[in-house]
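Each remark here refers to the structure printed beneath this line.
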Amino acid sequence: MPGEMKDGDEIRLLGTGGAPVLLTVGRPFSAQEIEKRLGSGEWRHEGTQPRRKKPPESDSHPDQTEAEETSAAPTDPSRPSAGAPKADWVQYIARTHHMSREDAENYTKADLIEMAS
């Protein structure tokens, strides 16, 4: 997006998996958080191509699939499992993303899991 983002600006992006999302800069995503996720390739502007993953490191097994790489257990032991109830995800995201539980409850479970990535 050309120009600097300010709190209250609405921007259209493609989230993880290419799902379209309309974000308001501010809570829960500051301009810096949005720029970080855009820079990492996790999110992208509509109409742009996804980044290609780097080739596996030389010590990786050549038969290892991308699904196996991304299914590694998270390093945060307090992070709920993907099968945990939405309430567990609401509590986790509210704590780790400094938002109220009420705000976190407005998101779908899939959104909450994506925020934790």
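A quick note: this is a predicted structure, and the numbers were derived from the prediction, not measured.
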Would you check if the side chain of [X] reaches a backbone N or O of [Y] as a donor-acceptor pair within less than 3.5 Å?
| X | Y | value |
| --- | --- | --- |
| Trp89 | Ser81 | yes |
| Arg37 | Met115 | yes |
| Lys86 | Ala110 | no |

side-chain contact (heavy atoms from CB on, under 4.5 Å) between Asp9 and Glu4, intermediate numbers included: CA-CA 10 Å; Asp9 287 351; Glu4 188 173 316; over 6 Å; no
Within 6.0 Å of CZ in Arg95, more than 12 heavy atoms from elsewhere: yes
Nearest heavy atoms of [X] and [Y], plus distance in Å:
| X | Y | value |
| --- | --- | --- |
| Tyr92 | Ala116 | CE2-CB, 3.9 Å |
| Asp88 | Pro80 | O-CG, 3.7 Å |
| Arg101 | Ala94 | CG-CB, 3.9 Å |
| Ala82 | Ile113 | O-CD1, 4.1 Å |
| Met5 | Ile11 | SD-CD1, 3.7 Å |

Heavy-atom side-chain proximity of Met99 to Ile93 below 4.5 angstrom: yes
